[in-house]
Enquirer: 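Dropping the structure in here first, questions after.
Here the structure is a predicted model, which is why all the values come from computation and not from measurement. Just so it is clear: chains get the letters A, B, ... in the order the sequence lines come, proteins before strands, and each one is counted from 1.
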Number of protein chains: 2
Amino acid sequence: MTKYGQFCPVAKASEIFAERWTPLILRELLCGSHRFSELEHGLPKISRSLLAQRLRFLESAGLVERRVMPGSRSPEYHLTDAGQDLYDVVIRLGEWSHRWFNPLIDERDLDPQLLLWDMHRRLHKDCLPDRRVVVQFDFTGDLAGSYWLILEPEESSVCWDPPGFDVDLIVRADTLTMHRVWLGHQSFADALSKRLIELDGAQELARAFPDWLALSHFASVRGTYQAIPTARA
Amino acid sequence: MTKYGQFCPVAKASEIFAERWTPLILRELLCGSHRFSELEHGLPKISRSLLAQRLRFLESAGLVERRVMPGSRSPEYHLTDAGQDLYDVVIRLGEWSHRWFNPLIDERDLDPQLLLWDMHRRLHKDCLPDRRVVVQFDFTGDLAGSYWLILEPEESSVCWDPPGFDVDLIVRADTLTMHRVWLGHQSFADALSKRLIELDGAQELARAFPDWLALSHFASVRGTYQAIPTARA
DNA sequence: CAGTATCCGATGCGATACTG
DNA sequence: CAGTATCGCATCGGATACTG
């Protein structure tokens, strides 16, 4: 780690916080990922060695605590009070980006798999039926492909390969549109009405689906771009 | 610039904000430095080429505007609205560090020259006398050396070499102590009473000195370390 | 599953020299 | 003063293979 050689608190904080990948690792921990493999799912492009290195550094810096649970042999990573205290910074950083830049999603940032992973963490569990429900996502357009969300009363999971179970609901969606809806740039209802998203399954499931699906934390942040005249307004 | 390949607003923001040196450059701009040379003073360890590169990138990202003033030929760098909107993030980042870590100043982060530069930006101008006052700082201990603060009604400046003017006030201070006072870890009065800081000059100037000298923005932030028992408490 | 060890290539960055 | 251009090294980090 290279230092800045400045006593200024902004510099000292940046030596820890502003390293590559670190804000995203903190985001993952703040969102409730604790196991190494969970962190990897939320950070698909980080290498194992680098993730391990960063976690070690964050532990030495006092932001992260590595816990080896007596029951399982999978260690868990948890934020310390100091780490948790970065919540505001991480959130405001994201909100800032969402306010000023986000309506334009770079094609290279599309990632259906990551999208599903994010979704399965924010489901409104109390709205889910009391049995297992399997939702199949058929993405069309860029990065077309199918993924499955397995919603169980206790915990839900994501599959990239067909699970053995019967599918209860199929969501056919344009890849970019699904991202836009998730980030709040387009409403679910609007995407449905334009047939950019189509639902196929039992009526009750299809009707309830938008209720289970919580959008990104940032979806509710108003962007300044809405005030910027696009063409002769 | 390497990207993260994620649509998440935290990731998109980090691609801009969390690059090396960038939070410190933003801090400088937020503190009111606008010319290239001013930025260099506040970032003594950055290389010219890197500073230029970062400024170009921040301009292309829409956070910074490069203005060539008609009167002077020195261009100025100003934050756009989007850049200014990062104020909260930068401040909270610094406050976070100050809360959890800052009482222990790393010896390698001491920098009397930077300290003086920071000071001259935060002087309480309205408390200054209506004439030029020259303050000589004699740092003792680590990094001993002398520096001069030239306080003029209109603008103040820092000298690393003896200015031609007569000295009105001498501040003899232990280097680490002066840093600690600046950051709010020790009160000016306490340092004076322990003779870690000594003032030498006309009574009125010496008495008024602590009034001119505004401390760091972060000096007023309460640290959690004060609640941590050090030894058997 | 949760890492570590090693290798090697890309690039980030500092140093130096030059320019209007 | 406010940069740009070039060079060369150091380190960062990805890929792969290995381990308990």
Side-chain angles (χ1 to χ4, degrees), chain A residues 1-6 11 14-16 18-25 28-29 33-60 64-78 108 117 155 157-160, chain B residues 1-6 11 14-25 28-29 33-60 64-78 117 155 157-160:
Chain A
M1 243 278 303
T2 7
K3 308 288 191 73
Y4 291 109
Q6 291 198 9
S14 298
E15 290 175 354
I16 298 174
E19 274 221 305
R20 186 160 161 71
W21 285 107
T22 299
L24 309 216
I25 294 171
E28 285 302 304
L29 291 165
S33 288
H34 297 295
R35 294 178 50 181
F36 195 88
S37 58
E38 291 174 335
L39 293 168
E40 281 192 287
H41 279 123
L43 306 163
K45 297 218 168 53
I46 201 175
S47 73
R48 267 229 246 303
S49 39
L50 187 53
L51 177 55
Q53 187 180 314
R54 286 288 185 275
L55 286 170
R56 250 181 285 127
F57 174 70
L58 288 174
E59 194 184 356
S60 78
V64 164
E65 191 191 353
R66 185 176 190 270
R67 296 186 197 155
V68 182
M69 300 309 194
S72 92
R73 59 239 186 89
S74 298
E76 290 192 359
Y77 298 90
H78 288 263
R108 286 163 298 186
W117 177 257
E155 67 172 334
S157 55
V158 185
C159 295
W160 350 103
Chain B
M1 242 281 303
T2 6
K3 309 289 190 71
Y4 291 109
Q6 291 198 8
S14 298
E15 290 175 356
I16 298 174
F17 179 82
E19 275 221 305
R20 186 159 160 75
W21 285 108
T22 299
L24 310 217
I25 293 171
E28 284 303 303
L29 292 165
S33 288
H34 298 294
R35 294 177 50 182
F36 196 88
S37 57
E38 292 174 334
L39 294 170
E40 282 192 286
H41 278 123
L43 307 163
K45 298 218 166 55
I46 200 175
S47 72
R48 267 229 245 304
S49 38
L50 186 53
L51 177 56
Q53 187 180 314
R54 285 288 185 274
L55 287 170
R56 250 181 284 127
F57 174 70
L58 288 174
E59 195 185 356
S60 79
V64 163
E65 191 191 354
R66 185 176 189 272
R67 296 184 197 158
V68 182
M69 300 309 193
S72 91
R73 60 237 186 88
S74 298
E76 290 192 358
Y77 297 90
H78 288 264
W117 178 258
E155 66 172 336
S157 55
V158 184
C159 295
W160 350 102

Enquirer: How long is the line joining CG of B/L50 and P of C/dA15, in whole Å?
Expert: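 It is 11 Å, rounded to the nearest whole Å.
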
Enquirer: What distance do B/L24 atom CG and B/L39 atom CG have between them, rounded to the nearest 0.5 Å?
Expert: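 The CG atom of B/L39 is 11.5 Å from CG of B/L24, to the nearest 0.5 Å.
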
Enquirer: Heavy-atom nearest nucleotide on DNA chain D for B/F36 versus A/R20: which residue maps closer to 5'?
Expert: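 Residue closer to the 5' terminus by nearest nucleotide: B/F36.
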
Enquirer: Would you tell me if any nitrogen or oxygen in the side chain of A/Y4 comes within less than 4.0 Å of OP1 or OP2 on C/dC13?
Expert: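 Result: no.
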
Enquirer: Could you give the CG-to-P distance, from B/L43 to D/dA2, as a whole number of Å?
Expert: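 Distance check: B/L43 CG to D/dA2 P gives 14 Å.
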
Enquirer: Among C/dG12, D/dG3, D/dA2, find the nucleotide with the atom closest to the side chain of B/S37.
Expert: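 Selected nucleotide (nearest to the side chain): D/dA2.
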
Enquirer: Could you check how far CD1 of B/I46 sits from P of C/dA15, rounded to whole Å?
Expert: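 It works out to 12 Å between those atoms.
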
Enquirer: Please convert DNA chain C into dot-bracket. A pair counts if it is Watson-Crick or G-U wobble with both distances under 3.5 Å; crossing pairs go in [ ] and bases paired with another strand get |.
Expert: ||||||||||||||||||||

Enquirer: Where is the tightest heavy-atom contact between B/Y77 and B/L29, given as atom of each residue plus distance?
Expert: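 What the structure gives for the nearest pair is O-CD2, 3.6 Å.
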
Enquirer: Ignoring the backbone of B/S74, work out which of C/dG14, D/dG13, D/dA2 is nearest its side chain.
Expert: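 Selected nucleotide (nearest to the side chain): D/dA2.
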
Enquirer: Which residues satisfy the side-chain hydrogen bond (donor to acceptor under 3.5 Å, both in side chains) test with A/T22, sequence neighbours excluded?
Expert: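 Partners of A/T22 under the side-chain hydrogen bond (donor to acceptor under 3.5 Å, both in side chains) test: none.
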
Enquirer: Could you tell me the separation between the CD atom of A/E76 and the C1' atom of C/dG3, rounded to a whole number of Å?
Expert: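 It is 16 Å, rounded to the nearest whole Å.
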
Enquirer: Where along nucleotides 15-20 of chain D does protein come under 4.0 Å, by heavy atom, of base (B) or sugar-phosphate alone (S), with - for untouched nucleotides?
Expert: B-----

Enquirer: Looking only at atom types and distance, does a side-chain atom of A/Y4 sit under 3.5 Å from a main-chain N or O of A/E15, one as donor and one as acceptor?
Expert: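 Here the side-chain-to-backbone pair does not exist.
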
Enquirer: Rounded to whole Å, please give me the gap between CG in A/L51 and P in C/dA2.
Expert: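 Rounded to whole Å, this separation is 11 Å.
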
Enquirer: Closest heavy-atom contact between B/S74 and B/R35?
Expert: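 The pair with the smallest heavy-atom distance is OG-NH2, 3.1 Å.
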
Enquirer: Compare side-chain N and O positions of A/R54 against OP1 and OP2 of D/dG13 and report whether any pair is under 4.0 Å apart.
Expert: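 A/R54 to D/dG13 OP1/OP2: side-chain N or O found under 4.0 Å.
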
Enquirer: In chain order, what residues pass the salt bridge (Lys or Arg N to Asp or Glu O under 4.0 Å) check against B/E65, with sequence neighbours excluded?
Expert: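 Residues passing salt bridge (Lys or Arg N to Asp or Glu O under 4.0 Å) with B/E65: B/R67.
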
Enquirer: Measure the distance from CZ on B/R35 to P on D/dG3 and round it to the nearest whole Å.
Expert: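 That distance rounds to 10 Å.
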
Enquirer: In this structure, how many angstroms lie between the P atom of D/dG13 and the NZ atom of A/K45, rounded?
Expert: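 The distance from NZ of A/K45 to P of D/dG13 comes to 17 Å, rounded to the nearest Å.
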
Enquirer: Roughly how many Å is it from CG in A/L39 to C1' in C/dA2, rounded to a whole number?
Expert: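 Taking CG of A/L39 and C1' of C/dA2, I get 11 Å after rounding.
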
Enquirer: The criterion is side-chain hydrogen bond (donor to acceptor under 3.5 Å, both in side chains); which residues satisfy it with B/Q53, sequence neighbours excluded?
Expert: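 Checked B/Q53 against side-chain hydrogen bond (donor to acceptor under 3.5 Å, both in side chains); zero matches.
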
Enquirer: Output every pair passing salt bridge (charged side-chain N to carboxylate O under 4.0 Å, His left out) with a member in residues 41-56 of chain A, not counting sequence neighbours, ordered by first then second residue.
Expert: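 Every pair satisfying salt bridge (charged side-chain N to carboxylate O under 4.0 Å, His left out) with a residue in residues 41-56 of chain A: A/E19-A/R54, A/E40-A/R48.
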
Enquirer: Determine the minimum heavy-atom distance between B/G42 and A/Q6, stating which atoms define it.
Expert: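 Shortest heavy-atom separation between B/G42 and A/Q6 comes out as O-NE2, 3.1 Å.
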
